Amino acid sequence: YGYPLHGGNISNATKLRGQPTMNFLNAGVPMSDSRKIGLGFSGLGLFFLFLGVLLFFDSALLTMGNVLFIAGVTLVIGTKKAVFFFFQWSKWKGTTCFFLGVFIVLFSWPVIGMAIQLFGFINLFGDFFPIALRFARNLPIIGAILRLPVLSQVLDKIVYSGRAV
């Protein structure tokens with residue numbers, strides 16, 4: 001059958017031969033190249049945002065992080081879904097603050113821009129925080145830290161405030 005335990009060739013057992021790449025994020029659904037690139041852009045964007053804040057609100061790094069993050073989200077979920085997500089009537093405050101913060105950072109007011117952008121980010125992606133917290137609690141090392149009683153209670157209070165559990 002091509003498996004090493006059944007007398008097959010190891011090289012045949014490890015080749016995917018035209019099969020789409022699978023990973024733990026999509027639960028067996030093939031991942032397109034644009035989604036892979038989008039995840040890379042989003043990750044790089046978050047890294048540059050973190051680095052920009054760490055280096056005393058460097059506006060060049062923050063701008064690169066913003067552009068990469070927005071491009072990554074658009075590539076991951078698709079253009080139509082991204083437009084629908086950002087321009088829902090119920091999320092107009094979050095979208096306005098997020099993009100206003102991006103433009104303020106672009107025009108070299110990084111501290112004010114990031115504060116406005118953070119408010120918009122929380123309003124836009126706040127529904128995703130409980131899912132991200134549940135996922136992080138299942139990770140090997142980080143999960144053990146997040147499940148500590150005191151930290152767990154504080155995070156639950158922050159993430160689930162105003163939401164049905």
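On a predicted model such as this, the values are computed, not experimentally measured, just so you know.
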When you group the ILVMFWY residues by side-chain heavy-atom contacts below 4.5 Å and let the links chain together, are Leu46 and Leu61 in the same group? no

Partners passing salt bridge (Lys or Arg N to Asp or Glu O under 4.0 Å) against Arg137 (at least two apart in sequence or in another chain): Asp156

Same hydrophobic cluster for Val159 and Phe121, using side-chain heavy-atom links shorter than 4.5 Å among ILVMFWY? yes

Nearest 0.5 Å, what's the CG-OG1 distance between Leu68 and Thr63? 11.0 Å

Those residues that, when tested against Phe57, pass ring-ring contact (aromatic ring centres under 6.0 Å, His included) (two or more places apart): none

For Leu146 and Ala136, work out which heavy atoms get closest and say how close. CD1-CB, 3.5 Å

Met31 and Leu39: side-chain contact (heavy atoms from CB on, under 4.5 Å), yes or no, with the steps? CA-CA 11 Å; Met31 187 176 246; Leu39 284 173; 3.3 Å; yes

Residues passing the ring-ring contact (aromatic ring centres under 6.0 Å, His included) test with Phe85, sequence neighbours excluded, are Phe125

Please, which pairs that meet ring-ring contact (aromatic ring centres under 6.0 Å, His included) have at least one residue in residues 30-56, sequence neighbours excluded? none

When the side chains of residues 91-105 are checked against the rest of the protein, which donor-acceptor pairs come out under 3.5 Å, sequence neighbours left out?
from: Thr95; atom 1: OG1; to: Phe86; atom 2: O; distance (Å): 2.3
from: Thr95; atom 1: OG1; to: Lys91; atom 2: O; distance (Å): 3.1
from: Thr96; atom 1: OG1; to: Trp92; atom 2: O; distance (Å): 2.6

Heavy-atom closest pair, residues Arg35 and Val76: NE-O, 3.4 Å

When you group the ILVMFWY residues by side-chain heavy-atom contacts below 4.5 Å and let the links chain together, are Leu62 and Leu55 in the same group? no

Neighbour count above 12 (heavy atom, 6.0 Å) for Ile142 CD1: no

Sequence neighbours excluded - side chain to side chain donor-acceptor pair (under 3.5 Å) pairs with any residue from residues 116-126: Asn66-Gln117

